[in-house]
Number of protein chains: 2
Amino acid sequence: MTNNKDVTIYDIAEKLNLSTSTVSRALKNHSSISKKTTKKVNDAAKEMGYTPNTLASSLRSNKTKTIGVLISRINRPFMASLISGIEETAQKAGYNVIITQSHDSYQDEVDMAQALYNSRVSGIICSLAMETTKTDHFQQFIDKGIPLVFVDRVPKEFNTYRVMIDNYSAAFKATKHLIEQGCTRIAHIAGLKFRNIYNERERGYRDALKQYNLEVDEDLIVHVKTMSYEEGEKATNKLLDLETPPDGIFSSNDTTAVAAIQVAKNRGLKIPEDIAVIGFNNDPISHIIDPGLSTISHPAFEMGKTCSKKILKHLKRSKIDSITEITFLNTEVIVRGSSKRK
Amino acid sequence: MTNNKDVTIYDIAEKLNLSTSTVSRALKNHSSISKKTTKKVNDAAKEMGYTPNTLASSLRSNKTKTIGVLISRINRPFMASLISGIEETAQKAGYNVIITQSHDSYQDEVDMAQALYNSRVSGIICSLAMETTKTDHFQQFIDKGIPLVFVDRVPKEFNTYRVMIDNYSAAFKATKHLIEQGCTRIAHIAGLKFRNIYNERERGYRDALKQYNLEVDEDLIVHVKTMSYEEGEKATNKLLDLETPPDGIFSSNDTTAVAAIQVAKNRGLKIPEDIAVIGFNNDPISHIIDPGLSTISHPAFEMGKTCSKKILKHLKRSKIDSITEITFLNTEVIVRGSSKRK
DNA sequence: AGTTTTTACGCAACCGATTGCTTAAATATA
DNA sequence: TATATTTAAGCAATCGGTTGCGTAAAAACT
């Protein structure tokens, strides 16, 4: 059973005693085909159950109507929303989305970039793996004129589209908020420094302290690698074990911030009275935990939409040249119980 | 800038004075090509920067090394993990994954199924949209011999692969657990009845009550449409406003269960003393909320892996016939603070 | 040396749609 | 009526690999 042969334009052509060129043109409403023939062809196509073979037309045109996505992991709230935004916009424009994961591994990222290249994607959207420091594997897309958008975790230098938030000022705002709530000894659970976004957040944190004449105590800055819950617990314990523990924590993501809250609560501290906490991302957990986690809104879905739009717009251009363009999306401080002292 | 022509096997053939057939075979280590030539070809390919054109070979073989995924929404923890599992297994086997979303709309699901069909995916994995009741749009895959796997939200009748959990017995276990903790008036926040999995869960709930000689009170069963947080709040308020409110709630997902906890807490009820709650899915939020939410583990990632494996295995078969096979994955009751009375 | 077998490679069709160029027929113009 | 123009459609090459079949050369065998 099964395995019916697909109906092709050859079948339609044969049935109607036409050439394949005429059928092809009729199906696309080309002006050089008479209305009568066009109708006849379209009717036959429908009746015979014709479905265009995307592969064949892609091969011919060397265009695929497919956008490749290369991210660390799908199953994180931020990434899932990002993809959702990418997919929704692409879908509306008739584009497919291919998803690949690097699992934060450099080698996987290189392999997947190659696989996407071989699939002849029309464009590629990438958020770098934690490990990645070199970006040579993306040069081939530029050389080929394939639009490349880096999102969120973007490389410092690369002449292409970048869609991101202003991490520096977001972190500045977060830290400033804690200061305004009366914190004077604010710790920072930071990400790896060579990863741009975390470095920027750390910079914003430091500058906010300086601007308000607070001392920057290196003991209060803990760098963690993967920003997991467990690492958040460890970092928080380390901070609370200090001789003079902090009275506020600004964490580079919500997962570690939630860990901080749990640890502090378990150690009998009151939040936000004894220690105020603010995270980053506005993950769903942030309004589930008690007290609610103050955080920075990170417009994931919106970013995804923007990425797709950049690609689609680029593909419509006639001039083929490389483009450098950085788009910043807005963030804001979301104040919940974990930091609200006044 | 840009638009370098790709290197093809023709370029390699010309450079080495060989035919394209020889080059093609050499690149695949075909036995009929001498080792010397094979090496020469592979060296030249590497040197010239050859990348195979997947489209061309797909067109010829009518196989794409691509698995299509059609789900309601990506940005939900269960779905994100499911996709992650699908993608990881597919990736290892050299397959790409195309993601599409139905947004729980029947029409979108039909359109996306068609788009995936046109893309000539090698297999398709689908979790039905909430709205979907007819499944005619999937028949074309069966007719064509393309493996189709339904996962989680599966149709009642369809001769194909299905990967799911035993919703009936999971719900039975959840309800039984509440009974064992001393609950005697257990409510159920249920999903739409025509969606199989929710119906099964409701059945398990009812049967558990009966088995333990507890009355099934229709007032205690609230059906909600999309299982959102807001709907969970509404449902809980309705239940707690009853003349004789429940002392336990079994909710068909974690989102509504968390909503139930929050509402109950806000109304001054103690959990689990006044009212015990158990959810379904084991979403990340379940161990973040206070008290921790008891729930049913739903092996999303594992399910994803299983789906991909079914497809890959099917594609390796030589006999081409349709297959009906239902795979049940294990679930267990995860007991946390929200229901632990003893 | 003559015959059979094996090895290594090439020829050409094919997958399905697209498109520049050509041409036959229909219509308009002189 | 003869010629110019427009309309409608077909021919054949093309995109880049793949593969069944054929064959010359080398190796093995009598």
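Each chain gets a letter, A, B and so on, in the order the sequences are listed, and its residues count up from 1. Heavy atoms only: backbone and side chains are in, while hydrogens, waters and symmetry mates are out.
Heavy-atom contacts from other residues, nucleotides or ligands closer than 6.0 Å to CD of A:Glu325 number more than 12. Heavy atoms from other residues, nucleotides or ligands lying under 6.0 Å from CD of A:Glu14 number 12 at most.
Backbone-only contact: A:Asn53 has heavy atoms under 4.0 Å from sugar-phosphate atoms and none from a base. At a threshold of 4.0 angstrom between heavy atoms, the contacts of B:Ser34 are confined to the sugar-phosphate backbone, with no base atom among them. As judged by a 4.0 angstrom heavy-atom cut-off over every strand, B:Thr51 is placed among residues touching the sugar-phosphate backbone only. Here A:Thr8 lies in heavy-atom contact (under 4.0 Å) with sugar-phosphate atoms only. Nucleic acid contact for A:Ser58: none, since no nucleic acid atom lies under 4.0 Å from a heavy atom of the residue.
Across A:Thr100, A:Leu128, A:Ile83, a single residue satisfies side-chain contact (heavy atoms from CB on, under 4.5 Å) together with A:Ile71, and that is A:Ile83.
Residues from residues 11-18 of chain B with heavy atoms under 4.0 angstrom of DNA chain C, sorted by number: B:Asn17, B:Leu18.
With the nearest nucleotide of DNA chain D identified for both A:Tyr10 and A:Ser19, A:Ser19 has the one nearer the 5' end.
Rounded to whole Å, the distance from CG on A:Asn29 to C1' on C:dA17 is 16 Å. For the pair B:Ile9 CD1 and C:dC14 C1', the interatomic distance rounds to 13 Å; values are reported in whole Å.
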